[in-house]
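Before any comments, here is the structure.
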Amino acid sequence: MDPRQLTKIDEYTWRIEPDAEHPVPAIIYASEALIRDMDDKVYEQAENVAALPGIVGASYAMPDAHWGYGFPIGGVAAFDPDLGGIVSAGGVGFDISCGVRALVTGLTADDVRGVQKELADDLLATVPAGVGSRGEIRLSALEMDAMLTGGARWAVKEGYGTETDLAHIEEGGCMSGAEPEQVSDQAKKRQLREMGTLGSGNHYLEVQEVVEIFDPELAAAFKLADGNAIVSIHCGSRGLGHQIGTEFLREMAVAAESFGIHLPDRELACAPLRSEVGRRYLGAMRAAINCALANRQIITHLVRQVLARVIPKASLDLLYDVSHNTCKEERHIVDGVERHLFVHRKGATRAFGPGHPDLPDAFRTSGQPVLIGGSMGTASYVLAGTEESMHRAFGSACHGAGRLMSRHAAKKRWSGRQVVDELAERGILIRSPTMRGVAEEAPGAYKDVTDVVDAAQAAGLARKVAKLAPLVCLKG
DNA sequence: ATGTGC
């Protein structure tokens with residue numbers, strides 16, 4: 001994207017001005033270099049979102065923004081139901097409630113290095129990964145509905161984890177307002193055997209080392225110290241979320257016209273929040289959020305089993321679990337007035353600051369942990385929400401590195417084996433059921449996550465706490 | 001992202 005198309009507000013804030021079709025601006029938070037690397041489609045898509053009914057403030061793009069379905073990935077937009085605001089299935093994304101959770105282990109990276117290969121092999125054998133991967137768990141119809149209503153709270157009741165885990169998950173591990181009856185039989189059927197599975201694409205499970213601390217006080221609040229081993233899990237709602245997204249996109253494309261909503265792009269399919277289809281989508285989407293929370297909780301249980309075998313002294317305590325593909329009902333102060341809004345975050349992490357009433361006691365003074373997954377073999381970051389982030393983009397920050405190269409181009413450029421061998425030389429063990437997936441996820445196919453995180457901090461979206469480097473990576 | 005898809 002050519003930065004000259006944008007109004008430069010400051011070094012890290014760029015604006016597409018409103019006009020007759022776009023009542024609010026689009027705001028991109030990024031360095032000039034990141035803007036240059038951004039797809040031109042991000043400009044178009046961020047501007048298109050600014051034309052949707054009932055949008056409040058601006059259409060925002062995070063520093064890792066790239067071309068998505070309708071809305072950019074790395075997009076944030078809030079809508080007011082009182083002003084005819086909409087909800088959009090494409091504004092949430094196909095992988096509903098995809099997210100990251102990080103666990104502190106009570107181990108040092110050296111503890112891990114001593115058994116690195118056994119750990120990698122046991123994780124591959126224990127956590128199902130890859131397209132169509134199936135788990136041991138098979139849900140009955142009744143259990144499916146209980147899972148879709150209860151989320152991680154259901155999983156803990158079933159024996160996958162502890163009460164303490166729940167306080168360290170957004171929404172306390174259970175998204176309210178879920179309506180399993182709005183989830184199609186087909187979506188439920190696809191999920192029957194997929195609980196506790198990682199999936200494919202950019203999903204991963206990593207054992208990481210804390211290699212740098214930026215803010216000692218916040219790091220202490222998050223129980224992170226230099227040289228510690230961390231486990232991070234990145235995955236979502238699997239086939240169920242995908243099926244819900246597919247079905248409602250189709251339905252909303254038809255509905256939008258019937259509501260007289262003019263769409264600049266068919267992919268922006270949406271429906272008023274106060275319409276019947278809008279309400280049904282919210283009920284189904286919240287059920288998918290619970291599915292993702294339960295899924296990450298079950299995978300956590302599997303990782304605890306692996307560590308109990310390989311390094312018995314390990315203790316896996318959940319730092320936090322964040323979702324980065326959601327639409328959430330939240331209260332925000334806009335121009336000094338508290339408003340009740342529906343915030344779409346697509347490839348954007350919630351980043352609530354200190355004192356926010358939705359945060360658990362543990363993070364009341366620190367702000368919430370913001371977990372940023374890098375590309376395979378590079379780095380991940382832990383950030384914290386700030387008071388400033390509340391006013392920048394409705395308490396949101398970036399979610400990852402963001403692709404630089406298409407999957408197709410990455411496959412042409414690297415072989416999976418070559419990527420695995422190169423990373424092994426640097427002490428990083430990759431395990432995956434598919435070498436093709438590894439090639440698509442080669443580190444060179446992504447932007448530098450450090451640039452993205454630095455821009456997020458400089459733009460006031462979140463504050464850097466710690467940097468994590470991978471030791472073991474299980475890829476789908 | 002995905003019972004990957006022309």
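Every chain is numbered from 1 and lettered A, B, ... according to where its sequence line falls, protein lines coming before strand lines. All figures in this text were calculated on a predicted structure; none of them were measured in a lab.
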Taking [atom1] from [X] and [atom2] from [N], how many angstroms apart are they, rounded to a whole number?
X      : N     : atom1 : atom2 : answer
A:H203 : B:dT2 : NE2   : P     : 5 Å
A:R193 : B:dT2 : CZ    : P     : 17 Å
A:Y69  : B:dT2 : OH    : P     : 17 Å
A:K189 : B:dT2 : NZ    : C1'   : 16 Å
A:R407 : B:dT2 : CZ    : C1'   : 11 Å
A:K475 : B:dT4 : NZ    : P     : 18 Å
A:Q191 : B:dT2 : CD    : P     : 10 Å

Discussion item. Under 4.0 Å, heavy atoms only, any strand: does A:Q186 hit a base, just the sugar-phosphate, or nothing?
Written reply: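 Counting heavy atoms under 4.0 Å across all strands, the contact made by A:Q186 includes a base.
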Worksheet item: With sugar-phosphate meaning primed atoms plus P, OP1 and OP2, does A:R403 contact a base, only sugar-phosphate, or nothing at under 4.0 Å between heavy atoms?
Response: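 Counting heavy atoms under 4.0 Å across all strands, no contact is made by A:R403.
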Discussion item. Is it true that A:T326 and A:S323 share a donor-acceptor pair across their side chains at a distance under 3.5 Å?
Written reply: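 No, because no side-chain N or O of A:S323 sits under 3.5 Å from a partner of the opposite role on A:T326.
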Once salt bridge (charged side-chain N to carboxylate O under 4.0 Å, His left out) is applied, do any residues pair with [X], and if so which ones, sequence neighbours excluded?
X      : result
A:E47  : none
A:D185 : none
A:D39  : none
A:K157 : none

Going by heavy atoms closer than 4.0 Å, what residues in [range] are next to DNA chain B?
range                       : value
residues 87-101 of chain A  : A:F94, A:D95
residues 237-252 of chain A : A:R238, A:G239, A:H242
residues 123-143 of chain A : A:V131

Would you list the atom pairs, donor with acceptor, under 3.5 Å between side chains in residues 467-476 of chain A and any protein atom, with sequence neighbours excluded?
{"residue": "A:K475", "atom": "NZ", "partner": "A:G201", "partner atom": "O", "Å": "3.4"}
{"residue": "A:K475", "atom": "NZ", "partner": "A:E441", "partner atom": "OE1", "Å": "3.4"}

Worksheet item: Is the distance from OP1 or OP2 of B:dT4 to the nearest side-chain N or O of A:S200 less than 4.0 Å?
Response: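 It does not, given that no N or O in the side chain of A:S200 lies less than 4.0 Å from OP1 or OP2 of B:dT4.
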Fill in: Contact list for residues 128-141 of chain A, test side chain to side chain donor-acceptor pair (under 3.5 Å), sequence neighbours left out
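Every side chain to side chain donor-acceptor pair (under 3.5 Å) pair that includes a residue of residues 128-141 of chain A, provided the two are not neighbours, is A:S133-A:R238, A:S140-A:E143.
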Practice prompt. Can you run down the salt bridge (Lys or Arg N to Asp or Glu O under 4.0 Å) pairs that involve residues 247-258 of chain A, sequence neighbours left out, and say none if there aren't any?
Written response: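 Every pair satisfying salt bridge (Lys or Arg N to Asp or Glu O under 4.0 Å) with a residue in residues 247-258 of chain A: A:E251-A:R280.
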Practice prompt. Would you please indicate yes or no on a ring centroid separation below 6.0 angstrom for A:F352 and A:F363?
Written response: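 So the answer is no for these two rings.
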Worksheet item: Looking at residues at least two apart in the chain, or sitting in another chain, which of them share a ring pair (Phe, Tyr, Trp, His ring centres under 6.0 Å) with A:Y12?
Response: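 Checked A:Y12 against ring pair (Phe, Tyr, Trp, His ring centres under 6.0 Å); zero matches.
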Worksheet entry | Most 5' of A:G437 and A:G201 on DNA chain B, judged by nearest nucleotide |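 Here A:G201 is the residue nearer the 5' end.
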Discussion item. A:H234: which residues meet the side-chain hydrogen bond (donor to acceptor under 3.5 Å, both in side chains) condition with it, sequence neighbours left out?
Written reply: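 So A:H234 forms a side-chain hydrogen bond (donor to acceptor under 3.5 Å, both in side chains) with A:H324.
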